[in-house]
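Both ligands and their constituent atoms are indexed starting at 1 by order of listing. Hydrogens, waters and symmetry mates are skipped; everything else that's a heavy atom, side chains included, is used.
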Amino acid sequence: MKYITLGSASVPAIGLGTYKIKGPEAVAIIRKAIDIGYRHIDTAQLYDNEEEVGQAILESGIPRNEIFLTTKVWPSNLGEERFLPSVEQSLKKLKTDYADLVLIHWPHHQFEVEDYITRLMEIQQQGLAKNIGVSNFNISQIKTAQKTGANIVTNQVEFHPWINQTKLHLWMQQQQIPLTAYCPLGQGRFMTDKKLIELAAKYARSLAQIILRWMMQQEDVLAIPKTISPDRLMENIHVFDFELSPAEMQMIDAWRLEHQRVVTAQSGARFD
Ligand code: NAP
């Protein structure tokens, strides 16, 4: 496994995404993930599975401090009255005193960035979040967040070979802010790509492994693929025993020009 520093933590560069995994199936697959070595789990208030994530961590028997746990505050909770109670509620569901990372899930036009980032810093000062960051923020929104003095340790955005995040990614690299890739597999949408199929055949790897390997060969990218399949769980973290050539890396880099976004902006959010 590769590790990337996010604030105070050294974080496994591949974590488990949990969007749309709920109920007993969620507890089982998250437990399975921990059993086979996942130590980085991504959830959110929106996913309505914080209970299951907390249950799986508890049942795993792995000490809490060995798992890097991320949750996210949903836009409807960004206001003064709801922010802190919503985080406390998340932690209660997660059965823990702290999250390793709390992100603002989406910016929202109803609220000033400075205001909710200040609230985020407050929960960090109270020890409820070890680290703080953002998701779906553009450059200008991150700059505004930083003006409050907040140490924004990552921006979690859609990132896979078919989306053009070059401008944002280059700027984040200059600022030394690692990028956390959500929808790293494009929710499976691009798995018929001929060039990808050819590369996978060349290395005798799955298509997902080629995509995740391309991410892991970039210094500052973490990825949180989601799967409900035990075999794919295993597949998605075993990408550290082969290497794409510089020419292959460049070839995949060029696919971004297709610029196909999988996730559409929440109301009030802007990508540019
Ligand atoms: P994703 O991880 O790109 O793709 C998940 C899809 O790929 C599922 O259909 C899964 O099917 C399939 N898959 C997984 N591993 C595979 C493999 N090895 N081979 C073939 N197919 C495979 O999409 P995502 O779940 O939308 O994104 C990942 C995580 O990012 C989410 O779960 C969530 O934690 C986070 N996220 C954050 C935001 C945000 O706004 N911050 C937005 C979206 C997502 P099976 O389950 O059947 O294997």
- Message: Show the nearest heavy-atom pair for residues Trp162 and Leu196, with the distance to one decimal.
- Response: CH2-CD2, 3.7 Å
- Query: Could an N or O of ligand 1 be found under 3.5 Å from any N or O of Met191, whether backbone or side chain?
  - Reply: no
- Query: Starting from atom 15 (N) of ligand 1, which protein heavy atom do you reach first, and at what distance in Å?
  - Reply: Asn236 ND2, 3.0 Å
- Message: Does the structure place the NZ or CZ of Arg64 under 6.0 Å from the centre of the six-membered ring of Tyr98, at an angle of no more than 45° from the ring's axis?
- Response: yes
- Message: Whether Arg205 and Glu235 form a salt bridge (side-chain N of Lys/Arg under 4.0 Å from carboxylate O of Asp/Glu) is what I want to check.
- Response: no
- Query: So does Glu52 pair up with Lys93, basic N to acidic O under 4.0 Å?
  - Reply: no
- Note on the structure: ligand 1 to Glu235, heavy atom cutoff 4.0 Å, flagged ligand atoms 17 (C), 18 (N), 19 (N)
- Query: Which of the numbered atoms in ligand 1 are below 4.0 angstrom from a heavy atom of Ala208?
  - Reply: 17 (C), 18 (N), 19 (N)
- Query: Is Pro184 in contact with ligand 1, taking contact as a heavy-atom separation below 4.0 Å?
  - Reply: yes
- Task: Validate the cation-pi geometry between Lys226 and Tyr19: distance from NZ or CZ to the six-membered ring centre under 6.0 Å, angle to the ring axis within 45°.
- Result: no
- Nearest to atom 43 (C) of ligand 1, what protein heavy atom do you find, and at what distance? Tyr182 CD1, 3.4 Å
- Item | Ligand-residue contact atoms, ligand 1 with His105, heavy atoms, under 4.0 Å | 39 (C), 40 (O), 41 (N)
- Message: Below a 4.0 angstrom heavy-atom separation, can you tell me which part of Asn136, side chain or backbone, both or neither, approaches ligand 1?
- Response: side chain
- Which residue and heavy atom of the protein sit nearest atom 26 (O) of ligand 1, plus the separation: Gln187 NE2, 2.8 Å
- Show your working on side-chain hydrogen bond (donor to acceptor under 3.5 Å, both in side chains) between Gln55 and Glu59 and close with a plain yes or no. CA-CA 6 Å; Gln55 188 62 32; Glu59 284 180 14; 3.0 Å; yes
- Which is closest to atom 36 (N) of ligand 1 by heavy-atom distance: Tyr47, Phe159, Tyr19? Tyr47
- When the ring centroid of Trp106 is compared with that of Tyr116, is the distance short of 6.0 Å? no
- Query: Under 3.5 Å, is there a donor-acceptor pair between the Thr71 and Glu50 side chains?
  - Reply: yes
- Query: Less than 3.5 Å between some nitrogen or oxygen of Gly186 and one of ligand 1, yes or no?
  - Reply: yes
- Locate the shortest heavy-atom distance separating Leu84 from Leu128; write the atom from each residue and the value. CD1-CD1, 3.7 Å
- Query: With a cut-off of 4.0 Å, which atoms of ligand 1 are near a heavy atom of Ile224?
  - Reply: 28 (C), 29 (C), 30 (O), 35 (C)
- Note on the structure: For atom 34 (O) of ligand 1, the closest protein heavy atom turns out to be Asp42 OD2, 2.7 Å
- Ignoring hydrogens, just give me the one of Gly17, Gly188, Ala44, Pro230 whose non-hydrogen atom is nearest atom 7 (O) of ligand 1. Gly188
- Task: Under the ring pair (Phe, Tyr, Trp, His ring centres under 6.0 Å) rule, what do Phe242 and Trp214 come out as? Steps first, then yes or no, please.
- Result: CA-CA 11 Å; Phe242 72 105; Trp214 168 77; over 10 Å; no
- Task: Below 4.0 angstrom from a heavy atom of Pro225, which ligand 1 atoms are there? Numbered from 1 as shown, please.
- Result: 2 (O)
- Residue and atom name of the nearest protein heavy atom (relative to atom 5 (C) of ligand 1), distance in Å to one decimal: Lys226 O, 3.4 Å
- Note on the structure: Heavy atoms of Val239 and Met216 approach each other most closely as CG2-CG, 4.0 Å
- How far is atom 45 (P) of ligand 1 from its nearest protein heavy atom, and which residue and atom name does that atom have? Arg232 NH1, 3.3 Å
- Query: Between Glu258 and Trp255, is there a donor-acceptor pair closer than 3.5 Å when you use the side chain of the first and the backbone of the second?
  - Reply: no
- Provide, to 0.1 Å, the distance between atom 3 (O) of ligand 1 and the closest protein heavy atom, together with that atom's residue and name. Leu185 N, 2.8 Å
- Message: Return the closest protein heavy atom for atom 48 (O) of ligand 1 as residue, atom name and distance.
- Response: Thr227 OG1, 2.5 Å
- For atom 27 (O) of ligand 1, which of Ser229, Gly15, Cys183 has the closest heavy atom? Cys183
